[in-house]
Trainee: 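Got a structure here, written out as structure tokens. Questions coming.
The shown structure was predicted, so the numbers you read here are calculated from the model rather than taken from an experiment. Each chain gets a letter, A, B and so on, in the order its sequence line appears, and its residues count up from 1.
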2 protein chains.
Amino acid sequence: MKGEILRGHLDMLLLAALARGPAHGYAVIELVNADSGGVFDLQQGTVYPILHRLEQEDLIKSRWVSHAGRQRREYEITSDGRDRLDVARADWKRFSRGVRGVIGEAT
Amino acid sequence: MKGEILRGHLDMLLLAALARGPAHGYAVIELVNADSGGVFDLQQGTVYPILHRLEQEDLIKSRWVSHAGRQRREYEITSDGRDRLDVARADWKRFSRGVRGVIGEAT
DNA sequence: CCGCATACCTAGCGCGGCTAGGCTTAATCG
DNA sequence: CGATTAAGCCTAGCCGCGCTAGGTATGCGG
């Protein structure tokens with residue numbers, strides 16, 4: 001899947017993944033890629049900076065957790081994050097409706 | 001509708017508009033904006049450069065037409081353009097399917 | 001004759017995601 | 001045991017696209 005198509009939608013995808021439950025960064029990547037049915041192939045260099053930004057915006061929060069002797073940063077969505085996700089979902093609906101209106105297709 | 005969401009989808013939208021029939025730039029803008037049901041609000045500064053690029057890629061072609069004593073550049077989609085549009089539509093389906101898979105929603 | 005709508009154009013910026021790297025520790029394999 | 005892979009984390013910097021903000025010209029209604 002080509003690059004720039006994800007512009008502006010990535011926040012939503014990561015928030016949606018974390019809305020299912022806390023997860024560490026590496027897991028978020030695999031979650032999104034898997035849930036997309038192989039459509040997306042997010043890279044670490046794409047995801048980690050976004051997670052940091054989302055945390056700064058208080059949409060998610062993190063804590064260090066040790067697992068199998070190793071340190072993981074576990075992220076959890078905040079209530080602000082859920083609100084933002086709701087907005088993003090609504091925007092997505094509008095957006096995809098707009099696209100369908102122009103290209104004239106179901107789905 | 002915020003900005004970067006259209007990234008990578010604009011070519012498809014303009015090609016789709018022109019697939020309905022030849023039109024000049026200004027009309028393309030209004031067509032897309034109208035067909036989107038008011039979701040998009042494309043500006044001239046966004047659309048004209050894209051039309052030029054699409055023409056360079058031989059996806060559309062243009063000719064000057066005089067209308068009511070004025071000069072318009074009328075664009076028409078080429079067969080390469082239709083092929084590209086088909087690909088873009090397929091990509092759009094994949095993309096939106098991927099998003100739905102992650103955010104877990106119909107539409 | 002003024003202002004608005006129509007119709008075209010472009011330079012330059014801003015920023016988001018990707019590329020491409022780098023670090024550490026646990027597990028696996030020869 | 002030493003080497004390689006996988007699991008995890010991170011960041012600097014580039015690149016390209018769309019937007020902002022400007023500019024021009026003409027026809028038409030008041």
Trainee: Just to verify, what does A:E76 make a salt bridge (charged side-chain N to carboxylate O under 4.0 Å, His left out) with, not counting sequence neighbours?
Mentor: none
Trainee: Protein within reach of the bases, or only the backbone? For nucleotides 24-29 of chain C, mark each nucleotide 5' to 3' as B, S or -, using heavy atoms under 4.0 Å.
Mentor: BBS---
Trainee: By side chain to side chain contact (heavy atoms under 4.5 Å, CB included), which residues pair with B:A23, not counting sequence neighbours?
Mentor: B:L18, B:A27, B:V28
Trainee: Of all the choices, C:dG17, D:dC19, D:dG8, which nucleotide is nearest to the side chain of A:I50 once you look at every atom?
Mentor: C:dG17
Trainee: Return yes if some donor-acceptor pair links the side-chain N/O of A:R7 with the main-chain N/O of B:G8 below 3.5 Å, else return no.
Mentor: no
Trainee: How many Å lie between OH on A:Y26 and C1' on D:dC10, as a whole number?
Mentor: 14 Å
Trainee: Return the value, rounded to whole Å, for the distance between atom CD of A:Q43 and atom C1' of D:dC9.
Mentor: 15 Å
Trainee: Applying side chain to side chain contact (heavy atoms under 4.5 Å, CB included), name anything that partners B:A34, two or more places apart in sequence or on another chain.
Mentor: none
Trainee: By a strict heavy-atom criterion of less than 4.0 Å, which residues belonging to residues 14-23 of chain A are in contact with DNA chain D?
Mentor: none
Trainee: So, is A:R73 near the phosphate of D:dC10, with a side-chain N or O under 4.0 Å from OP1 or OP2?
Mentor: yes
Trainee: If I take atom CD in residue B:Q56 and atom P in nucleotide C:dC9, what distance separates them, rounded to the nearest angstrom?
Mentor: 13 Å
Trainee: Taking only N/O atoms, report every protein-nucleotides 11-15 of chain C pair under 3.5 Å with atom names and distance.
Mentor:
residue	atom	partner	partner atom	Å
C:dG14	N2	B:R7	NH2	3.2

Trainee: Looking only at side-chain atoms of B:Y48, point me to the closest of C:dG17, D:dG18, C:dA7.
Mentor: C:dA7
Trainee: Please report the shortest heavy-atom distance between B:L51 and B:I60, naming the atom on each side.
Mentor: O-CD1, 3.4 Å
Trainee: Separation of A:F40 atom CZ from C:dG17 atom P, in whole Å?
Mentor: 12 Å
Trainee: Taking only residues two or more places apart in sequence or in another chain, which ones pass side chain to side chain donor-acceptor pair (under 3.5 Å) with B:T78?
Mentor: none
Trainee: Rounded off to whole Å, could you give me the NE2-to-C1' distance for the B:H9 and D:dG16 pair?
Mentor: 15 Å
Trainee: Verify the contact: side-chain N or O of B:H52 to OP1 or OP2 of C:dT10, cut-off strictly under 4.0 Å; return yes or no.
Mentor: yes
Trainee: Using the test salt bridge (charged side-chain N to carboxylate O under 4.0 Å, His left out), find all partners of B:R70 that sit at least two apart in sequence or belong to another chain.
Mentor: none
Trainee: Return yes if the base of C:dC8 and the side-chain atoms of B:Q44 contain a donor-acceptor N/O pair under 3.5 Å, otherwise no.
Mentor: yes
Trainee: So, does B:R89 use its side chain to make a donor-acceptor pair with the main chain of A:I103 at under 3.5 Å?
Mentor: yes
Trainee: Only counting residues at least two apart or in another chain, list the ones meeting side chain to side chain contact (heavy atoms under 4.5 Å, CB included) with B:V65.
Mentor: B:R63, B:E74
Trainee: Quick one: ring pair (Phe, Tyr, Trp, His ring centres under 6.0 Å) partners of A:H24, sequence neighbours excluded?
Mentor: none
Trainee: Considering residues at least two apart in sequence or located in another chain, which fulfil the side chain to side chain contact (heavy atoms under 4.5 Å, CB included) criterion with A:R84?
Mentor: A:L15, A:E57, A:L59
Trainee: Rounded to the nearest angstrom, tell me the gap between atom CD1 in A:I29 and atom C1' in D:dA7.
Mentor: 11 Å
Trainee: Roughly how many Å is it from CG in A:L51 to P in D:dC9, rounded to a whole number?
Mentor: 9 Å
Trainee: Separation of A:M12 atom CE from C:dG16 atom C1', in whole Å?
Mentor: 16 Å
Trainee: By the side-chain hydrogen bond (donor to acceptor under 3.5 Å, both in side chains) test, which pairs, at least two apart or in different chains, include something from residues 26-40 of chain B?
Mentor: B:R20-B:D35
Trainee: Specify the residue among A:T46 and A:R72 whose closest nucleotide of DNA chain D lies further upstream toward the 5′ end.
Mentor: A:R72
